[in-house]
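Notes follow the structure.
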Amino acid sequence: MPALPLDFSASSDIVARALIGVTLLIDGVGGRIVETEAYDQGDPASHTFGGPTLRNAAMFGPPGRVYVYRSYGIHWCLNLVCREEGHGAGVLIRAIEPTAGIERMQARRGLEDIRLLCSGPGRVGQALAVDAGFNGMRLDRPPFKLLGAEGAEPAEVHVGPRIGISKAADVPWRFGAAGSRFLSRRF
DNA sequence: AGTATGATTGCCT
DNA sequence: GGCAATCATACTG
């Protein structure tokens, strides 16, 4: 089976930073990751802060897999599990620069504007057709495909506080490709 | 078994 | 800028 272009056993902030520029595809649809956020157990903003539950079980599983959760009862958000098994760490995929399967993403989102297809975690979920069925799936097997940045690394990666959280809102665990027009928000 | 709460988005003023 | 939509999960009693 194909090796992942990234070591997911590293800590979530390291993985979140390294994911910027990496291409993520689900069933051949997706693009280049331009924005991520790191979460970890012991982090009051993380779903794993209170220890293992039914919902967050995937994040306590082995690294290199997927954790999917329902946000505000409306959106599906995609996370990549990292660190050692049992740790409860992961990276939220917040924005992608669309490069593959753009027509399918436009159909799923009901929009044409490329800039609005994947610029936000809920938008990424809808554009890539993520749902609860992906929870716990391995990233090194279909339908997932992860391709190393291979020279497509951004010249600079911005770092800042995470978005939409009420606790530990000052921790600088949001990462983004500098100058990208596909970020969910400016840094 | 009932209630409170979001790692958000899109539409309205 | 403000707020409603919408529901699975977690927490309370």
Side-chain angles (χ1 to χ4, degrees), chain A residues 8 11-20 22 24 26 30-31 33-61 63 65-83 87-98 105-137 139 157-177 180-187:
Chain A
F8 281 93
S11 60
S12 52
D13 56 325
I14 297 295
V15 173
R17 168 72 169 73
L19 278 170
I20 303 299
V22 169
L24 169 67
I26 301 181
I33 297 170
V34 294
E35 185 182 339
T36 60
E37 279 179 0
Y39 290 88
D40 195 273
Q41 190 178 24
D43 165 16
S46 174
H47 288 168
T48 56
F49 182 62
T53 65
L54 195 54
R55 171 173 74 156
N56 65 25
M59 273 223 275
F60 285 98
R65 300 204 185 194
V66 165
Y67 164 55
V68 174
Y69 72 93
R70 192 90 148 134
S71 176
Y72 288 87
I74 303 170
H75 306 104
W76 293 107
C77 294
L78 178 68
N79 296 256
L80 310 186
V81 178
C82 49
R83 214 150 173 194
H87 216 92
V91 174
L92 172 67
I93 305 301
R94 287 195 56 90
I96 289 174
E97 175 180 339
M105 292 193 278
Q106 287 171 323
R108 289 164 176 171
R109 295 270 300 120
L111 295 170
E112 305 233 329
D113 191 339
I114 311 288
R115 262 161 93 153
L116 296 178
L117 286 184
C118 301
S119 56
R123 292 167 172 171
V124 168
Q126 187 179 26
L128 302 203
V130 171
D131 63 35
F134 290 90
N135 198 35
M137 289 184 76
L139 285 167
V157 175
H158 280 321
V159 182
R162 295 172 293 184
I163 292 176
I165 56 176
S166 53
K167 305 155 202 161
D170 53 328
V171 180
W173 273 359
R174 174 178 177 235
F175 303 87
S180 172
R181 293 162 315 202
F182 300 93
L183 300 174
S184 66
R185 292 198 203 173
R186 297 281 179 200
F187 276 78

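Chain A is the first sequence line, chain B the second, and so forth, proteins listed ahead of strands; every chain is numbered from 1.
- Close to B/dT9, at under 4.0 Å from its OP1 or OP2, lies no side-chain N or O of A/Arg109.
- Rounded to whole Å, atom P of B/dT5 lies 18 Å from atom CD1 of A/Ile165.
- If you measure from atom CG of A/Asp113 to atom P of B/dG10, you get 11 Å, rounded to the nearest angstrom.
- If you check B/dA7, B/dT8, C/dA10 against the side chain of A/Ile163, the one that comes closest is B/dT8.
- The distance from atom CG of A/Asn135 to atom C1' of C/dA8 is 12 Å, rounded to the nearest whole Å.
- In this structure, A/Arg162 reaches neither bases nor backbone, as no heavy-atom distance under 4.0 Å exists between it and the strands shown.
- Using a 4.0 Å heavy-atom distance criterion, A/Gly122 is classed as a sugar-phosphate-only contact.
- The side chain of A/His47 sits closest to B/dA7 out of C/dT9, B/dA7, B/dG10.
- Across all strands, A/Ile74 comes closer than 4.0 Å to base atoms (heavy-atom distances).
- A/Tyr69 contributes no side-chain N or O that forms a donor-acceptor pair with the base of C/dA8 under 3.5 Å.
- Here A/Arg123 contributes atom CZ and A/Leu111 contributes atom CG; the two are 8.0 Å apart, rounded to the nearest 0.5 Å.
- Remark: A/Leu139 CG to A/Phe134 CZ distance equals 11.5 Å, nearest 0.5 Å.
- Each of A/Leu116 and A/Gly164 was assigned the nucleotide of DNA chain B with the nearest heavy atom; the assignment lying further toward the 5' end belongs to A/Gly164.
- In this structure, OG in A/Ser180 is found 12.0 Å from CD1 in A/Ile33, a value given to the nearest 0.5 Å.
- To the nearest angstrom, C1' of B/dA7 lies 12 Å from CD1 of A/Ile93.
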- For A/His75 and A/Gln126, what are the C-alpha separation, side-chain angles and deciding distance, and is it a side-chain contact (heavy atoms from CB on, under 4.5 Å)? CA-CA 7 Å; A/His75 306 104; A/Gln126 187 179 26; over 6 Å; no
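- When the shell of 6.0 Å around CZ of A/Arg108 is examined, it contains more than 12 heavy atoms from other residues, nucleotides or ligands.
- Nearer to the 5' terminus of DNA chain B, by closest-nucleotide assignment, is the contact made by A/Asn79 (compared with the other of A/Gln126 and A/Asn79).
- Across all strands shown, B/dA7 has no partner, as no Watson-Crick or G-U wobble contact with both distances under 3.5 Å is found.
- Taking atom CG on A/Leu111 and atom C1' on B/dC11, their separation rounds to 13 Å, with Å as the unit.
- The nucleotide whose nearest atom lies closest to any side-chain atom of A/Thr53 is, among B/dT9, B/dA7, C/dA10, C/dA10.
- Distance CG (A/Leu183) to C1' (B/dT8): 17 Å, rounded to an integer number of Å.
- Under the stacking definition used here (centres under 5.5 Å, planes under 30°), the residue A/Tyr72 fails to qualify as stacked on the base of C/dA5.
- Of all nucleotides present, only B/dG2 satisfies the Watson-Crick or G-U wobble test against C/dC11, with each distance under 3.5 Å.
- Checked options A/Asn56, A/Asn135, A/Leu78, A/Asn79; the residue passing with A/Tyr69 is A/Asn79 (criterion: side chain to side chain contact (heavy atoms under 4.5 Å, CB included)).
- Between the CZ atom of A/Arg185 and the C1' atom of B/dA7 there is a distance of 12 Å, rounded to whole Å.
- Of the candidates C/dA8, B/dA7, B/dG10, the closest approach to any side-chain atom of A/Arg70 belongs to C/dA8.
- The OH atom of A/Tyr67 sits 14 Å away from the P atom of C/dA8 (whole-angstrom rounding).
- Contact check, A/His75 against B/dT9: no side-chain N or O comes under 4.0 Å of OP1 or OP2.
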